[in-house]
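Beneath this line is the structure, given in structure tokens, with notes to follow.
Please read these numbers as outputs of a predicted model, since none were measured by experiment. First the proteins, then the strands, lettered A, B, ... as listed; each starts at 1.
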Amino acid sequence: AQSVTQPDIHITVSEGASLELRCNYSYGATPYLFWYVQSPGQGLQLLLKYFSGDTLVQGIKGFEAEFKRSQSSFNLRKPSVHWSDAAEYFCAVGARGGADGLTFGKGTHLIIQP
Amino acid sequence: GAGVSQTPSNKVTEKGKYVELRCDPISGHTALYWYRQSLGQGPEFLIYFQGTGAADDSGLPNDRFFAVRPEGSVSTLKIQRTERGDSAVYLCASSLSGGGADTQYFGPGTRLTVL
């Protein structure tokens with residue numbers, strides 16, 4: 001069975017600074033990988049996903065993520081954060097060829113300092 | 001177009017009662033998922049429908065939980081004899097055709113509180 005680890009429960013970043021949120025996964029083959037964002041009172045919104053091809057994936061809102069097979073990682077990055085980026089971020093893995101739902105990490109709470 | 005909608009947005013019930021939570025997926029989406037999100041946790045998979053049938057119900061915690069999707073569109077999650085531990089946000093998602101790479105679109109959730 002697959003699993004996802006997000007080692008950082010909280011991260012505080014100054015507005016305008018760069019951001020990297022860590023995600024490590026466990027899966028027997030190359031998985032499908034996702035990053036979702038959840039703002040207070042909002043549903044989960046997909047930022048980006050990886051399923052094949054170029055290991056650097058571009059998403060919405062200026063986010064990108066890089067799949068590194070050797071490190072079983074899929075870290076999310078943004079070069080310059082905005083106050084509106086404050087939210088909960090979830091990394092998730094989906095099984096190839098399966099009908100299962102996604103397996104999510106516990107999330108990273110991003111706080112933006114002015 | 002309209003996204004995934006869930007009703008009610010909040011539900012407060014007493015221990016031992018029966019509750020139903022409703023999900024309206026995006027029109028034309030054949031796959032529908034239910035997840036449960038406890039405080040401070042990521043969503044946890046409960047059940048997946050492909051059309052009218054439950055393709056994977058391995059995430060349902062016990063036989064008090066049941067879900068249906070009789071016409072392949074709207075789904076209802078049913079919880080019998082509710083317990084305080086069932087308190088959580090219940091999320092519904094739909095995708096066009098299912099499968100691991102398909103994007104799942106989430107609803108706003110139903111916050112269930114069992115007193």
Side-chain angles (χ1 to χ4, degrees), chain A residues 1-10 21 23-25 27-53 57 59-60 67 74 76 87-109, chain B residues 2-7 9-10 23-26 30-51 53-61 67 75 77 88-111:
Chain A
Q2 59 264 33
S3 66
V4 177
T5 301
Q6 293 180 249
D8 303 305
I9 298 174
H10 300 277
L21 302 182
C23 171
N24 291 95
Y25 68 89
Y27 184 64
T30 302
Y32 300 123
L33 294 162
F34 305 80
W35 275 100
Y36 280 85
V37 61
Q38 187 176 41
S39 299
Q42 304 290 317
L44 286 157
Q45 181 183 21
L46 180 70
L47 289 175
L48 47 78
K49 66 179 182 181
Y50 169 81
F51 51 93
S52 68
V57 180
I60 63 171
F67 169 59
F74 189 57
L76 182 72
E88 193 80 20
Y89 290 79
F90 293 97
C91 181
V93 60
R96 287 185 180 267
D100 302 337
L102 298 176
T103 299
F104 285 83
K106 293 187 176 183
T108 296
H109 184 61
Chain B
V4 177
S5 62
Q6 293 185 245
T7 53
S9 56
N10 281 283
C23 172
D24 279 88
I26 294 172
T30 62
L32 185 145
Y33 302 79
W34 283 99
Y35 294 82
R36 177 169 69 175
Q37 186 174 19
S38 300
L39 194 63
Q41 303 294 315
E44 176 189 21
F45 169 73
L46 296 178
I47 186 169
Y48 157 61
F49 285 91
Q50 182 56 254
D56 182 357
D57 64 358
S58 62
L60 294 177
S75 176
L77 179 66
V89 176
Y90 289 82
L91 299 169
C92 177
S94 70
S95 70
L96 188 59
S97 57
D102 214 14
T103 296
Q104 294 182 29
Y105 297 88
F106 284 80
T110 293
R111 181 175 299 278

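- The CG atom of D57(B) sits 15.0 Å away from the CH2 atom of W34(B) when rounded to the nearest 0.5 Å.
- Defined by atom type and a distance below 3.5 Å, a donor-acceptor pair is present between the side-chain atoms of Q104(B) and Y35(B).
- For the atom pair SG of C23(A) and CZ of F34(A), the computed distance is 12.0 Å after rounding to the nearest 0.5 Å.
- Heavy-atom pairs under 4.5 Å with chain A peak, among A93(B), P43(B), P108(B), G107(B), at P43(B).
- Residue I47(B): no heavy atom, backbone or side chain, is found under 4.5 Å from chain A.
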Q: Take F90(A) and Y36(A), measure what ring-ring contact (aromatic ring centres under 6.0 Å, His included) needs, and give me the verdict at the end.
A: CA-CA 5 Å; F90(A) 293 97; Y36(A) 280 85; 8.7 Å; no
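- Only the side chain of Q38(A) has a heavy atom closer than 4.5 Å to any heavy atom of chain B.
- In terms of modelled atom types and a separation under 3.5 Å, the side chain of Q6(B) and the main chain of P25(B) share no donor-acceptor contact.
- With a 4.5 Å cut-off on non-hydrogen atoms, Q50(B) does not touch chain A at all.
- Heavy atoms of L44(A) lying under 4.5 Å from chain B belong to its backbone as well as its side chain.
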